[in-house]
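As a basis for the values below, the full set of heavy atoms in this structure was taken, side chains included, without hydrogen atoms, waters or symmetry mates. Please read these numbers as outputs of a predicted model, since none were measured by experiment.
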Amino acid sequence: FWFKRQFDGKDPTVRSLECFNEIDGSYRKLCFSEDGQRLLGGVLVGDAKDYTKLLQLCKKEDLGGKTPESLAFGKPAPGEQSNSVNDGGDGTGIADDDVVCSCLNITKAAVKKAIMYDDATTLPLIKKCTKAGTGCGGCCTPVGEVPKILTATLKSLGKAVAEGICPHFPYSRKDLFHIVKVKQIKTFPEVLAACGQGEGCEVCKPILASILAGLWNDNILTHGRDQIQDTNDRFLANIQKTGTYSVIPRCAGGDIAPDELIAIGSIAKQFGLWTKVTGAQRLGMYGAPVHQLPAIFKSLVDAGLESGHAYGKALRTVKSCVGSTWCRFGQQDSVSMAVLLEDRYKGVRAPHKFKMGVSGCLRECAEAQSKDLGLIATSKGYNMYVCGNGGAKPRHATLLVSDIDEATCLKYSDRFLMFYVSTAKHLQRTAPWLEELPGGIEYLRKVVIDDSLGLCADFEAMMASNVGNYKCEWKEVVYDEGLQKKFQQYVNTSETQQTEQIEYIDMRKQRHPNTYDLPDIEGPMLYSKEAALDSWPWVSAGQVADFPHNGGVAVKHGKEEVAVFHLPGQAEEDGRWLCVQNLCPHKQVRAISRGLVGVKPEGLITLADPVYKSIYDLRTGSGMSHANLNLSTFQVKVDEQGQVLVKLPPADQMADSFARQSQEAAEKKNFKPPPRGSHPDIQVPRAPKNGVNLEW
């Protein structure tokens, strides 16, 4: 972790300590500065529970009152403070100088200060005051560090802590799951009517979308369900930083036929997509514009491939080694078992993504013990491990049961997954979920194996329903013209245009975006609907029927484009139709129309940018998470024939104005993109003629 250089034992300024525990099989090596006052990096094998603490310590200038020996051997030296984190007694397990937002290097102390002295008592206000969560957003998820700090700090101040997932629902995700299940609710408006209030927001919509899909596995793009999905689920592909998408077909168990390989290569070549073997034994294609997705889906479906659900909080893949089919050490047919698992659980939605692995022997080539559910073959069957993961906070999986046959594997897997889906928090992986279970792994064994709660038959029936309702979501789009219209680039024309702002370059025999990001466009909005000129024309944006309820679409205006949103449930007429620029000022991605719309209880209409989740006031265009990032707003009206009209500046004038604004932002920040096509491969060290040291 946190290596910035190679620690090969040859650098005299780096000292290391190693510890190998033969009893539990764990090993750790920690590297320190020459004087032993700083932790520089390390390796943890078999026991990674101290990973987060050590990672935080790596970012500090001292060892926080500890010694190198105590860190390496996991026990405090005589007279040294215990291994517990000095969290001030608030129960968060986070010290004041711990970095909670690694994207922007924001500490717990900075977040506490904003809550205590700037009255930032909600996540949006914390984002606005500190910028925490405006990078990748991981620290502000329901299971992130910032919500923990917010809850603990509000309690210490004697202030009320908000109940429920958001102001619209005073219930936890677990409570909502059971309400939806018992009442047999199938749509978001029905959930609001049954146990919520208002119209929903960017927080509760994806949570309920996940619950509805996890219970019923109905098509997520029909009956208005598309407008409560995050952009990845809404367009059945992963959005990238350019506003284009990645398309990853399923390669169950990593098993793929030559003809399927050829088909993927041909399709990628046809649509000009960048290809890469992913970390999950699949082939990914990158750079697909939203309007080309249905055609790409059709080409893949016609070749016998289906959605890999790389975009969803669902089963991603089941990794496998070649097992007894080819390997001389293999104990069982791990590939067939992996394909069986993946075909069974494909499309199952969960609180977070989950991954599986099947290894054919104890050599563990498929890394099953780093998965949410992993199987390791034995001479008698399989050992089942649960609740592991890699990522920013790696966890080793825990043994649930040993030497079980394939049928028992499926039975226990059904129960385990549905217990997790029914009870976990939103965006909570299985590892932290297990940590919060009373009784831990022993309790989980009793529930899954001994049926201590009497719910196993229910869990099995829920999984059987999910499996029975499965349909390839790509195939559903391919054969439904109504669904294909949802992928149009513009609502008012079938014309398309390239709207990416970043230069593409050729490297390693492929074409892909250059590695720079465009600067943010900060400052006041360029246009406002209140200042619209009488001379501006009213531009046709299509018919009312072309616009989704409670969502937006892009409207083409010459070389420029705007985003128009329809909210028919608004009481006031000026809130039913709203129009803003489609270019997000944060990183300059043209994707605002694909954002999630929310309506706060006090009537504030918000929009979450689909790429970086920046929040805007949709009525005024004002930035909420970034006060200096603002959207231009424009007037909208509907005529007697049901035609939607937008009052816009002349097309050429508007395009020139936005181009000039972007140029001024670059000049203000002294941003200069590299010369076209100049990005080189990363330089590798080369041995000099004397053969002593590497030249970097």
Side-chain angles (χ1 to χ4, degrees), residues 4-5 101-106 127 131-138 231-232 237-247 268 271-276 278-279 284-290 292 392 497-523 526 559-561 581-595 609-614 616 623 625-626 628-631 655-685 696:
K4 293 186 178 179
R5 53 181 297 175
C101 177
S102 57
C103 296
L104 298 170
N105 198 35
I106 296 166
K127 290 181 179 181
K131 299 298 184 286
T134 58
C136 73
T231 186
N232 291 348
N238 264 358
I239 197 167
Q240 306 299 311
K241 71 173 189 176
T242 61
T244 59
Y245 292 81
S246 65
V247 179
F271 291 95
L273 307 177
W274 183 70
T275 56
K276 185 185 181 300
T278 72
M285 298 175 283
Y286 296 76
V290 66
Q292 288 187 354
Q497 62 181 353
Q498 198 281 111
T499 59
E500 294 169 80
Q501 304 286 87
I502 295 178
E503 168 208 8
Y504 272 73
I505 59 174
D506 293 321
M507 182 185 292
R508 297 184 297 275
K509 303 178 183 179
Q510 294 204 74
R511 175 181 175 272
H512 63 80
N514 210 330
T515 54
Y516 64 84
D517 289 325
L518 291 173
D520 295 345
I521 300 177
E522 298 181 338
L526 194 59
K559 295 181 180 179
E560 269 302 328
E561 52 195 69
Q581 68 188 63
N582 201 35
L583 178 72
C584 181
H586 185 42
K587 309 287 189 184
Q588 301 189 43
V589 181
R590 297 180 186 273
I592 286 293
S593 63
R594 293 173 246 164
D609 150 43
V611 183
Y612 295 103
K613 311 306 179 187
S614 300
Y616 298 92
S625 51
H626 298 265
N628 289 329
L629 302 182
N630 300 284
L631 301 172
D656 291 342
S657 297
F658 276 114
R660 187 164 55 253
Q661 185 190 41
S662 179
Q663 181 63 34
E664 290 172 355
E667 292 172 354
K668 184 177 179 180
K669 298 190 176 182
N670 199 27
F671 170 80
K672 295 181 180 179
R676 186 171 184 81
S678 65
H679 181 74
D681 271 328
I682 296 171
Q683 295 299 307
V684 297
W696 290 89

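When all heavy atoms are compared, the tightest approach of Ile521 to Ser662 is CD1-CA, 4.1 Å. Contact detail for Leu629 and Tyr616: the closest heavy-atom pair is O-CE2, 3.5 Å. For the pair Gln581 and Pro585, the tightest heavy-atom approach, listed with the atom from each and the gap, is NE2-CD, 4.2 Å. The two residues Pro610 and Ala591 make their nearest non-hydrogen contact at CG-O, 3.1 Å. Among all heavy-atom pairs drawn from Trp274 and Arg511, the shortest one is CB-O, 3.6 Å. Pairing each heavy atom of Tyr504 with each of Thr244, the nearest pair is OH-OG1, 4.4 Å.
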Side chain to side chain donor-acceptor pair (under 3.5 Å) between Thr499 and Glu561, intermediate numbers included = CA-CA 9 Å; Thr499 59; Glu561 52 195 69; 4.8 Å; no
Step by step, would you call Lys587 with Val611 a side-chain contact (heavy atoms from CB on, under 4.5 Å)?
-> CA-CA 9 Å; Lys587 309 287 189 184; Val611 183; over 6 Å; no
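To the nearest 0.5 Å, atoms OH (Tyr286) and OH (Tyr245) are separated by 15.0 Å. Atom OG1 of residue Thr231 and atom CD1 of residue Ile239 lie 4.0 Å apart, to the nearest 0.5 angstrom. If you take NZ on Lys127 and NZ on Lys613, they are separated by 9.5 Å, rounding to the nearest 0.5 Å. One finds the CE atom of Met507 at 7.0 Å from the OG1 atom of Thr515 (value rounded to the nearest 0.5 Å). To the nearest 0.5 angstrom, Leu583 atom CG is 10.5 Å from Leu526 atom CG. To the nearest 0.5 Å, atom OG of residue Ser614 and atom CG of residue Asp520 are 8.0 Å apart.
With a 4.5 Å cut-off on side-chain heavy atoms, Met285 and Ser246 do not count as touching. With a 4.5 Å cut-off on side-chain heavy atoms, Thr242 and Val589 do not count as touching.
Arg594 places no side-chain N or O within donor-acceptor distance of the main-chain N or O of Asn232, the cut-off being under 3.5 Å. Checked by atom type and distance alone, the side chain of Glu500 never pairs as donor or acceptor with a backbone atom of Gln498 at under 3.5 Å. At distances below 3.5 Å, at least one donor-acceptor pair connects side-chain atoms of Asn630 with backbone N or O atoms of Gly523. With Gln588 contributing its side chain and Pro519 its backbone, the two residues share a donor-acceptor pair below 3.5 Å. Side-chain N or O atoms of Asn514 include none that pairs as donor or acceptor with a backbone N or O of Glu503 at under 3.5 Å.
Annotation: Lys668, atom NZ; neighbour count of heavy atoms from other residues, nucleotides and ligands within 6.0 Å does not exceed 12.
Remark: Glu522 engages Lys669 in a salt bridge, criterion side-chain N to carboxylate O under 4.0 Å. By the 4.0 Å N-to-carboxylate-O rule, Arg590 lies close enough to Glu560 to be salt-bridged with it.
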